[in-house]
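Sequence positions, counted from 1, serve as the residue numbers for this chain.
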Amino acid sequence: MEFIPYKYLYYAIIPYAFFFVIFLEKYKNRLSKGLIATIIFPVIIVYILGMARSRGTDLGVYINNFYSAHHDGMLDGIQDLGYVMFSDILYWLGMPFQSLTVIFGIVTIISIFRMSKFYSIDFLPLFFIYLIHLIVVTDFAQLRIGMAMSLAIIAFISTDRKS
């Protein structure tokens with residue numbers, strides 16, 4: 001059961017982020033990095049809270065797979081070995097399912113941040129576009145694909161190439 005339905009936080013953060021995307025574009029040279037971080041922080045917190053929520057269209061399937069699959073040794077039809085391995089590790093560490101989704105969200109934030117630095121794009125507008133278009137809002141059907149894309153972005157733009 002959710003204490004505060006996530007959609008209300010999500011709907012409130014969209015105009016907030018939109019306002020600051022426009023505001024920061026005009027005044028970004030005058031603002032300190034600390035103030036910019038303070039402005040961005042609520043947007044990131046709402047995103048992470050959304051990843052830890054307890055309701056969603058496919059969320060029940062993921063939760064059921066996370067807890068019951070480890071008793072019978074199979075995830076129902078999930079062939080994604082990376083997801084299965086990560087899920088197994090967190091389960092064996094005694095972590096709740098929400099830790100899996102929060103970690104996926106943090107990896108996504110890191111990938112967007114690194115992409116903004118790599119392409120010299122401001123983080124907030126890039127994250128805002130992700131937030132309003134690509135974020136998994138009520139349906140976790142794309143959870144595994146989103147994590148794979150985030151890891152691929154991090155790998156693709158990594159400047160620490162080992163040869």
Side-chain angles (χ1 to χ4, degrees), residues 6 9-10 13-14 16-29 31-53 56-59 61-63 65-66 69 75-93 95-163:
Y6 173 70
L9 294 173
Y10 177 76
I13 207 69
I14 294 299
Y16 170 88
F18 181 70
F19 171 76
F20 281 113
V21 163
I22 293 170
F23 175 78
L24 287 177
E25 184 59 36
K26 188 172 183 179
Y27 298 105
K28 69 182 174 186
N29 295 333
L31 302 176
S32 70
K33 288 184 180 183
L35 181 58
I36 292 171
T38 303
I39 291 168
I40 293 172
F41 186 72
V43 180
I44 291 173
I45 290 300
V46 167
Y47 174 72
I48 290 174
L49 284 172
M51 293 304 287
R53 69 187 176 275
T57 306
D58 284 345
L59 189 59
V61 174
Y62 279 104
I63 291 172
N65 275 332
F66 184 81
L75 289 177
D76 296 331
I78 296 179
Q79 303 298 320
D80 184 341
L81 296 178
Y83 172 80
V84 172
M85 181 185 70
F86 197 70
S87 175
D88 286 345
I89 290 169
L90 290 178
Y91 180 83
W92 289 326
L93 290 173
M95 304 291 283
F97 172 76
Q98 282 76 15
S99 64
L100 176 88
T101 57
V102 167
I103 290 170
F104 281 18
I106 290 169
V107 169
T108 298
I109 291 168
I110 291 168
S111 73
I112 293 170
F113 180 77
R114 292 197 56 189
M115 189 171 24
S116 74
K117 293 299 175 201
F118 185 81
Y119 289 108
S120 299
I121 302 170
D122 289 333
F123 172 79
L124 187 58
L126 186 60
F127 191 72
F128 178 73
I129 291 168
Y130 176 79
L131 189 68
I132 62 173
H133 290 292
L134 301 175
I135 187 174
V136 181
V137 179
T138 59
D139 182 3
F140 269 125
Q142 304 302 321
L143 178 70
R144 295 175 289 128
I145 294 168
M147 179 61 169
M149 287 174 46
S150 294
L151 291 173
I153 288 169
I154 290 170
F156 178 73
I157 63 177
S158 177
T159 56
D160 298 331
R161 304 253 190 249
K162 306 286 187 237
S163 44

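Pairing each heavy atom of Phe156 with each of Tyr119, the nearest pair is CE2-OH, 3.5 Å.
Shown here are the ring-ring contact (aromatic ring centres under 6.0 Å, His included) partners of Phe118, two or more places apart in sequence or in another chain: there are none. Looking at residues two or more places apart in sequence or on another chain, you find a side-chain contact (heavy atoms from CB on, under 4.5 Å) between Ser99 and Leu90, Met95, Pro96. When the side-chain contact (heavy atoms from CB on, under 4.5 Å) test is applied to Leu126, the partners found at least two apart in sequence or on another chain are Ile112, Met115, Ser116, Ile121.
The structure places CZ of Phe127 at 6.0 Å from OH of Tyr47, a figure rounded to the nearest 0.5 Å. To the nearest 0.5 Å, atom CD1 of residue Ile44 and atom CG of residue Leu49 are 12.0 Å apart. In this structure, Thr108 OG1 and Ile103 CD1 are separated by 12.0 Å, a value rounded to the nearest 0.5 Å. From Ile13, atom CD1 reaches atom CZ of Phe128 across 10.5 Å, with rounding to the nearest 0.5 Å.
No donor-acceptor pair under 3.5 Å is formed between the side chain of Ser158 and the backbone N or O of Ala155.
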Requested in this report: Show the numbers, then the answer: is there a side chain to side chain contact (heavy atoms under 4.5 Å, CB included) between Phe123 and Ile36?
Outcome: CA-CA 10 Å; Phe123 172 79; Ile36 292 171; over 6 Å; no
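Ile48 places a side-chain heavy atom less than 4.5 Å from the side chain of Ile109. Side chains of Val107 and Met147 form a contact here, defined as non-hydrogen atoms less than 4.5 Å apart.
Residue Phe113 qualifies as open at atom CZ: its count of foreign heavy atoms under 6.0 Å is 12 or below.
Pairs of residues two or more places apart, or lying in two chains, that qualify as salt bridge (charged side-chain N to carboxylate O under 4.0 Å, His left out) and include a residue from residues 115-130 are Lys28-Asp122.
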Residues 16-24 side chain polar contacts: donor-acceptor under 3.5 Å, at least two apart:
residue	atom	partner	partner atom	Å
Tyr16	OH	Ile39	O	2.9

